[in-house]
Each structure stands twice: as C-alpha cells, then as structure tokens.
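Each remark here refers to the structure printed beneath this line.
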Amino acid sequence: AMEKSYLSLFLLLVVISCALAKDAAKKDSKDTAAKPKLPQTLSRGWGDQLIWTQTYEEALFRAKHSQKPLMIIHHLEDCPHSQALKKVFAEHKDIQKLAEKFILLNLVYETTDKNLAPDGQYVPRVLFIDPSLTVRADITGRYSNRLYAYEPSDIALLYSNMQKALKLLKTEL
C-alpha cells in the first residue's frame with residue numbers, strides 16, 4: 001500500500017510541475033510581447049507621446065476630416081542626418097507641444113505621390129499638407145538645393161514653419 005501512495009504523490013508532483021511550467025511559458029510569451037516599453041511603433045522616436053498615423057492615405061483622410069494640417073517627415077533609420085534631426089525634434093518641448101495640432105506621419109519609405117518629392121527624394125525632409133490636401137511647397141527650409149531639408153541647427157526654423165502651416169490654415173479656411 002505504501003508504494004501506491006508514493007506513486008500517486010509522484011504523479012501529483014508531475015502534474016503540478018507541468019502546470020507551473022505551462023504558466024511560466026505563458027508568462028514568458030506575454031512578457032516578450034510587451035517587451036518594448038513604449039513600442040518603437042509609429043513614432044519611430046520622433047515623439048513617443050504624440051499620435052502618429054500609419055499610412056499616407058490615413059494621414060490624408062485625417063487631415064481632411066479633422067481640418068488639421070499634416071506634417072510628413074521622410075527619414076531613414078540608418079541616416080545620421082535623420083538621426084540627428086530626430087533627436088533635436090523629439091527633445092524640443094515647444095515642437096512636441098505644437099505637433100499635437102498636426103496630423104503626423106513619419107515615413108522610412110517613399111510614397112508614389114510625386115508631390116511629396118517636389119525637388120527630390122532625399123532625407124530627412126519635412127513637408128506640410130493643408131486640409132484641402134494641397135502640398136505646401138511654399139513652406140521651405142534654408143537650403144536652396146534641398147528645399148525641405150532641415151539640419152539640427154535649423155530646429156527654430158522648423159518650429160516657425162510649423163507655426164506658419166497652422167497660421168496659413170486660419171487665414172485660408
């Protein structure tokens with residue numbers, strides 16, 4: 001009789017340890033899914049607390065229906081100029097605050113819309129589109145050979161161009 005109770009105890013332990021292992025496995029997969037704390041989702045580091053759209057089409061739709069201007073940032077993850085601009089953009093309190101008034105999109109690939117590359121497909125470049133879905137080619141940076149390029153040192157100009165994009169809106173709508 002002694003052996004029987006040992007056996008059932010042993011089976012009980014096997015069952016318990018399997019259940020625990022399953023729980024642990026479940027927990028692991030949950031943790032890894034939740035790993036990136038603020039997921040490097042749509043912001044891609046340009047402002048994690050801002051709301052970013054996923055696609056150009058969605059951004060146009062939102063701009064039109066919210067009557068907010070759209071700001072599009074073309075950049076590449078492995079481009080040092082993009083990285084440098086991203087850093088100052090993300091750390092600039094006033095820009096981050098003002099950006100809340102825009103529909104926002106940052107792209108690491110080109111769209112088929114030629115209007116988004118008025119003078120070429122370089123990065124980083126920043127373009128504004130008004131709610132009538134017109135690309136504001138008139139809001140430019142300081143470089144005549146790359147009209148929509150901004151360096152980290154141009155962050156004040158980018159800020160005032162964001163203000164300009166919002167002002168245009170008030171006067172034209």
Side-chain angles (χ1 to χ4, degrees), residues 32-64 66-172:
T32 48
K35 251 301 149 26
K37 267 303 162 259
L38 262 162
Q40 252 315 47
T41 47
L42 301 173
S43 82
R44 296 190 181 90
W46 289 87
D48 291 332
Q49 78 295 347
L50 294 168
I51 296 164
W52 296 85
T53 48
Q54 190 156 10
T55 63
Y56 182 44
E57 293 66 32
E58 181 197 348
L60 291 175
F61 179 86
R62 287 212 195 163
K64 188 176 181 167
S66 66
Q67 293 299 297
K68 287 179 173 181
L70 163 59
M71 176 159 116
I72 298 188
I73 304 169
H74 285 89
H75 64 108
L76 287 172
E77 297 292 354
D78 57 0
C79 159
H81 299 286
S82 297
Q83 291 293 347
L85 184 63
K86 177 197 296 194
K87 188 171 165 26
V88 296
F89 185 93
E91 289 171 2
H92 194 293
K93 299 251 186 311
D94 293 338
I95 278 190
Q96 292 289 308
K97 188 88 198 108
L98 196 59
E100 292 172 8
K101 300 185 175 171
F102 288 81
I103 302 299
L104 298 167
L105 176 65
N106 70 76
L107 289 175
V108 287
Y109 53 87
E110 294 292 338
T111 67
T112 51
D113 188 346
K114 296 285 170 275
N115 297 313
L116 290 186
D119 64 346
Q121 297 188 333
Y122 51 86
V123 292
R125 71 179 193 281
V126 182
L127 285 143
F128 297 94
I129 298 180
D130 68 28
S132 76
L133 304 189
T134 306
V135 175
R136 299 309 304 228
D138 53 334
I139 304 181
T140 58
R142 70 170 84 248
Y143 308 103
S144 53
N145 60 334
R146 293 186 165 193
L147 292 174
Y148 309 99
Y150 297 85
E151 297 276 321
S153 56
D154 305 325
I155 200 71
L157 175 60
L158 181 54
Y159 180 66
S160 75
N161 277 349
M162 288 169 72
Q163 289 175 310
K164 191 192 278 183
L166 288 164
K167 264 197 209 87
L168 279 174
L169 207 63
K170 301 234 179 347
T171 55
E172 288 177 11

Just by distance, do the side chain of [X] and the backbone of [Y] share a donor-acceptor pair under 3.5 Å?
{"X": "D119", "Y": "L147", "result": "yes"}
{"X": "R146", "Y": "G120", "result": "no"}
{"X": "N106", "Y": "L42", "result": "yes"}

I need the [X] [atom1] to [Y] [atom2] distance, nearest 0.5 Å.
{"X": "L105", "Y": "L70", "atom1": "CG", "atom2": "CG", "result": "6.5 Å"}
{"X": "I73", "Y": "L158", "atom1": "CD1", "atom2": "CG", "result": "7.5 Å"}
{"X": "Y122", "Y": "H75", "atom1": "OH", "atom2": "NE2", "result": "15.5 Å"}
{"X": "N161", "Y": "D138", "atom1": "CG", "atom2": "CG", "result": "9.5 Å"}
{"X": "F89", "Y": "I155", "atom1": "CZ", "atom2": "CD1", "result": "7.0 Å"}
{"X": "L76", "Y": "Q83", "atom1": "CG", "atom2": "CD", "result": "9.5 Å"}

May I ask you to test the [X]-[Y] pair for a side-chain heavy-atom distance under 4.5 Å?
{"X": "D154", "Y": "R142", "answer": "yes"}
{"X": "S66", "Y": "I103", "answer": "yes"}
{"X": "I72", "Y": "T111", "answer": "no"}
{"X": "R136", "Y": "I129", "answer": "no"}
{"X": "H81", "Y": "V123", "answer": "no"}
{"X": "M71", "Y": "V126", "answer": "yes"}

ask   = Which heavy atom of A90 sits nearest a heavy atom of G47, and at what distance?
value = CB-N, 4.5 Å
message = Which heavy atom of A63 sits nearest to which heavy atom of P131, and what is that distance?
response = O-CB, 3.6 Å
query = Would Y148 and H74 count as a side-chain contact (heavy atoms from CB on, under 4.5 Å) if you check the C-alpha gap in whole Å, the side-chain angles of each, and the deciding distance to 0.1 Å?
reply = CA-CA 10 Å; Y148 309 99; H74 285 89; over 6 Å; no
ask   = Cut-off 3.5 Å, side chains only: do D113 and Y56 have a donor facing an acceptor?
value = yes
request  = Applying ring-ring contact (aromatic ring centres under 6.0 Å, His included), name anything that partners F102, two or more places apart in sequence or on another chain.
outcome  = F128
ask   = Listed by chain and number, what are the ring-ring contact (aromatic ring centres under 6.0 Å, His included) partners of F61, not counting sequence neighbours?
value = H65
message = Assess the residue pair R62 and I51 against the criterion (side-chain contact (heavy atoms from CB on, under 4.5 Å)); give the C-alpha distance rounded to whole Å, side-chain angles, the decisive distance to 0.1 Å, and a yes or no.
response = CA-CA 12 Å; R62 287 212 195 163; I51 296 164; 3.8 Å; yes
key: Within 6.0 Å of CG in L133, more than 12 heavy atoms from elsewhere   = yes
inquiry  = Can you pull out every salt bridge (Lys or Arg N to Asp or Glu O under 4.0 Å) where at least one residue sits in residues 97-106? Sequence neighbours excluded, please.
reply    = K97-E100
message = Assess the residue pair R44 and E77 against the criterion (side-chain contact (heavy atoms from CB on, under 4.5 Å)); give the C-alpha distance rounded to whole Å, side-chain angles, the decisive distance to 0.1 Å, and a yes or no.
response = CA-CA 9 Å; R44 296 190 181 90; E77 297 292 354; 3.5 Å; yes
task = Give the C-alpha distance, both sets of side-chain angles, the deciding distance and a yes or no for side-chain contact (heavy atoms from CB on, under 4.5 Å) between Q96 and L50.
result = CA-CA 8 Å; Q96 292 289 308; L50 294 168; 3.2 Å; yes
